[in-house]
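Predicted, not measured: the structure shown is a model, and the values here were computed from it.
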Amino acid sequence: MLRGLSSAVRRGRTLYAGRSLHITARICLNGIVNQDVQIAEEKPRAIFRTSESNPANHTEQHDCQHYSIPLEEVKVIFPHGLPRRFKEQIETFKEACLMVRKPAVELFGYLKSTNFAQPAIRYVLYGESGTGKTMTLCHAVHYCAKQGWLVLHIPDAHLLVKNCKQLLQSSYKTERIDQPLQASAWLKNFRTSNEHLLREIKTQQKYTWNKWDSTEEGRPLVEMVEQGITRMKTATDVVGAVLKELKRQCSLGSFKLLVAVDGVNAFWGKTTLRKRDKTLVSPEELALVHNLRKMVMNDWSGGAIVTTICQTGSVFKPRLAYLPHELLGDEGFSALEPFVPIQVPKYSEKEFESCYQYYLDRKWLQHEKARTPDGRAELLFLSGANPAQLERLAAML
Amino acid sequence: MCFNCPVEDYCQAAMFYSAIYSILRFPLETANKGPVSTQLELCFMRTPSLSSHFILCRLIQVRWKRYAPAFLEPEVNKETLHKEPTELPEEEKKQWDFKTTRPIKAAPSSVTSSVFSDPLVSFPAFCTQTLEAIKRKQLKKYHEASEEEKVNIECNPYTIFHQALSNCKPIVELTSISRGGRFYQIPTPVKDSRQRFLAMKWLITECTENKNHRTFMHVKLSQELLLAFHGEGPVIKMKHNVHKMAESNRAYAHFRWG
């Protein structure tokens with residue numbers, strides 16, 4: 001076996017005389033050239049792919065490998081939350097493959113060792129634009145969904161503080177503002193991902209939405225959620241009530257709750273929304289943001305809070321800001337403190353190689369020069385090992 | 001009175017004397033005609049008392065886009081640049097030595113030494129989006145196809161683009177020539193650059209005119225390119241029409257030569 005491997009390496013070396021290749025790339029290229037060598041044929045798949053589809057079993061051993069999520073699971077677990085370009089990639093490749101990276105493995109280690117009697121710990125994923133914070137969050141959501149946790153996934157908190165068409169004055173508290181469209185859309189997706197758990201959780205008090213609608217005590221939560229979806233005007237109040245119920249009942253221990261918020265820095269800072277009298281709306285005046293802020297506090301137990309801070313899509317934040325204090329501001333930082341910061345860095349040498357091999361395998365890199373070492377070096381230089389940049393460059397080649 | 005004075009003194013003088021009412025610049029025909037040429041600048045002023053006028057003149061240097069014949073084209077290919085001059089064969093060594101004695105033109109910003117550079121494709125967002133759209137459509141078809149069909153599906157957006165463009169190029173077109181006081185439409189061969197121009201022009205016009213206002217341009221262009229690649233679509237039809245017109249006027253072809 002070793003003889004075959006060493007001869008494969010020697011043959012691979014002669015392919016590109018005078019240029020040194022990464023050992024894995026040499027073996028991969030030789031695998032494409034010579035199909036007889038059994039080891040070389042198996043190796044290319046082993047480098048960038050793993051057959052372990054349960055995130056609970058992902059360890060450092062699976063670092064830099066892609067695992068695929070079955071498309072039926074994607075429809076249930078991720079009705080919202082995946083980045084737009086990743087959704088297009090799923091459509092094109094007919095598979096949903098995520099790379100297992102160190103920040104995710106670290107996060108799973110923390111989640112596995114959570115003490116559910118203690119208050120929920122906040123984890124903040126931070127990093128430069130395009131490094132994979134949202135994808136790491138989605139990986140964590142997949143892990144918790146597979147473990148049977150109830151997942152409260154807010155796909156992009158920035159969408160709550162900008163470009164909202166309908167703003168209604170809240171009937172519950174007159175100084176607050178409702179966002180019926182955003183609330184009902186979120187409730188629909190929330191129901192899709194957590195239907196089985198919502199049927200089992202029962203309300204602990206009576207809720208009166210308006211003159212005609214109310215939800216009795218002891219009804220399953222899914223009924224309340226459906227009420228919010230059908231009657232859009234009450235959707236924001238329903239969201240508030242659902243969050244209150246979940247927070248109260250989670251501490252009792254019947255289910256585990258994951259609060260996953262993408263772009264949590266939107267909750268503190270400014271909005272671009274204006275009231276009828278043209279004055280600016282501040283985030284705490286929005287009922288949704290007010291209730292979600294309470295959810296992100298560590299005054300409940302029986303779960304975890306995983307958040308991302310994001311400059312892309314944020315309002316009034318400088319483009320190059322990525323550190324927690326820069327994006328959260330004083331108010332947000334002191335509200336989220338204490339939290340566990342997890343940095344999501346750019347691709348390392350190994351991760352870049354894995355991604356490059358994956359794109360070659362899926363025929364995403366079509367340019368004939370992209371297969372050469374010069375092309376690879378140019379891709380690495382132009383993208384700067386930034387995952388999003390690499391994806392966009394590979395798209396046009 | 002001609003003098004070259006430093007800019008600060010000039011401005012101070014101008015401010016002291018105030019009221020500049022005209023500045024004229026004239027290019028000079030000098031022997032050294034390159035990217036940097038000299039101009040004569042005349043500055044007309046009046047004294048504060050408005051009693052007299054005078055002219056300050058100086059020579060200034062400006063850049064312009066025409067090069068003298070001495071200037072040579074720049075070498076952008078990375079492979080030739082990495083080679084040592086001593087390794088080259090005799091002919092190329094002479095060329096290399098010759099280049100060290102002559103001035104070189106500035107490389108235009110559209111030319112790169114990237115391995116992915118293509119003279120027909122530039123890299124602003126619109127072009128990359130079109131290529132991406134083509135690739136996505138073809139890859140989707142590829143992954144859904146059976147094993148036998150997979151061989152026939154072309155996924156490389158660059159080959160599709162080049163093939164589509166060459167499919168759209170007309171070989172002959174009609175030109176207007178006057179013989180005996182009357183104007184005739186005669187078929188003439190189309191030069192390479194004009195073929196390229198016509199193919200691109202027809203594709204762009206087709207996309208601009210027959211596009212739904214809600215469709216993005218790069219999506220429409222990718223559709224047209226894919227149709228042209230397969231030899232179908234309105235642009236190919238336009239080309240066939242031109243060929244048919246040329247064929248029908250074949251009788252007048254001899255008018256080209258008097």
Side-chain angles (χ1 to χ4, degrees), chain A residues 16-21 25 35 49 66 68 70-71 74 83-97 130 312 356 358-384 386 388-397, chain B residues 76-84 87 112-147 149-164 216 218-219 221-222 225-226 229:
Chain A
Y16 295 93
R19 303 214 187 272
S20 63
L21 273 182
Q35 296 296 319
R49 267 193 210 274
H66 290 81
S68 96
L71 293 173
V74 169
R84 182 181 60 87
R85 284 198 76 91
F86 188 67
K87 277 195 273 210
E88 287 176 17
Q89 192 180 290
I90 296 176
E91 266 253 357
T92 314
F93 294 173
K94 297 270 169 272
E95 64 170 12
C97 270
T312 325
Y356 175 71
Y358 176 65
Y359 286 150
L360 284 177
D361 174 67
R362 291 275 90 200
K363 304 209 184 301
W364 192 223
L365 283 167
Q366 282 285 325
H367 204 282
E368 58 275 0
K369 289 285 166 80
R371 289 186 178 273
T372 62
D374 278 343
R376 183 189 179 282
E378 191 162 323
L379 273 175
L380 177 58
F381 173 71
L382 287 174
S383 64
N386 184 303
Q389 285 301 318
L390 177 61
E391 199 267 317
R392 270 157 214 269
L393 276 170
M396 69 179 198
L397 289 173
Chain B
V76 222
N77 194 349
K78 259 199 269 192
E79 279 168 26
T80 26
L81 287 173
H82 283 317
K83 275 193 214 152
E84 288 293 327
E87 284 174 8
T112 56
S113 52
S114 156
V115 292
F116 306 120
S117 68
D118 189 323
L120 289 176
V121 182
S122 58
F123 289 110
F126 170 69
C127 302
T128 55
Q129 280 170 344
T130 318
L131 295 169
E132 194 189 323
I134 297 172
K135 204 184 351 174
R136 277 199 201 274
K137 287 198 186 104
Q138 291 298 95
L139 271 182
K140 210 167 154 188
K141 233 194 278 181
Y142 181 88
H143 287 304
E144 282 168 1
S146 62
E147 286 304 321
E149 287 166 33
K150 270 190 182 162
V151 187
N152 297 333
I153 296 175
E154 175 63 56
C155 293
N156 190 339
Y158 289 86
T159 38
I160 291 176
F161 174 70
H162 289 129
Q163 186 60 44
F216 291 116
H218 66 264
V219 169
L221 185 57
S222 66
L225 283 171
L226 280 169
F229 173 72

* Asked: Which residues in residues 154-161 of chain B have any heavy atom lying under 4.5 Å from a heavy atom of chain A?
  -> Cys155(B), Asn156(B), Pro157(B), Tyr158(B)
* **Side-chain touch Tyr359(A)/Leu390(A), heavy atoms, less than 4.5 angstrom** => yes
* To do: List the atom of Lys135(B), the atom of Met396(A), and the distance in Å for their closest heavy-atom pair.
  => NZ-N, 4.5 Å
* **Among the listed options Leu382(A), Leu393(A), Thr92(A), the residue most often paired with chain B at heavy-atom distances under 4.5 Å** => Thr92(A)
* Contacting moiety of Ala370(A), where chain B heavy atoms sit under 4.5 Å -> both
* To do: Over all heavy atoms of both residues, which pair between Val115(B) and His367(A) is shortest? Give the atoms and the distance, please.
  => O-CE1, 4.1 Å
* **Contact summary for Cys97(A) and Tyr358(A), nearest pair of heavy atoms** => CB-OH, 3.2 Å
* Contact leader toward chain B among Glu91(A), Arg362(A), Glu88(A), Glu368(A), where contacts are heavy-atom pairs under 4.5 Å -> Glu88(A)
* Nearest-0.5 Å distance, OG1 of residue Thr130(B) to CZ of residue Phe216(B) -> 12.5 Å
* To do: Enter the distance from Glu391(A):CD to Trp364(A):CH2 here, rounded to the nearest 0.5 Å.
  => 6.5 Å
* To do: Please flag which part of Lys94(A) lies under 4.5 Å from any non-hydrogen atom of chain B: side chain, backbone, both or neither.
  => side chain
* Carefully, step by step, assess Glu378(A) and Lys369(A) under the rule side-chain contact (heavy atoms from CB on, under 4.5 Å). => CA-CA 10 Å; Glu378(A) 191 162 323; Lys369(A) 289 285 166 80; over 6 Å; no
* To do: Might you point out which heavy atoms bring Ala145(B) and Lys150(B) nearest each other, and give the distance in Å?
  => O-CE, 3.8 Å
* Structure fact -> Whatever's closer than 4.5 Å to a heavy atom in chain A on Gln138(B) counts as neither
* Assess whether atom NZ of Lys137(B) is packed by more than 12 heavy atoms of other residues, nucleotides or ligands within 6.0 Å. => yes
* Asked: Using a cut-off of under 4.5 Å for heavy-atom pairs, which of Glu132(B), His143(B), Arg136(B) has the most such pairs with chain A?
  -> Arg136(B)
* To do: Against chain A, label Lys78(B) side chain, backbone, both or neither, depending on which of its atoms sit under 4.5 Å from a heavy atom there.
  => side chain
* Between Leu139(B), Leu131(B), Val121(B), which has the largest tally of heavy atom pairs under 4.5 Å with chain A? -> Leu139(B)
* Heavy-atom closest pair, residues Leu71(A) and Ala96(A) -> CD2-N, 4.3 Å
* Below 4.5 Å from any heavy atom of chain B, which atoms of Arg392(A) appear? Answer side chain, backbone, both or neither. => neither
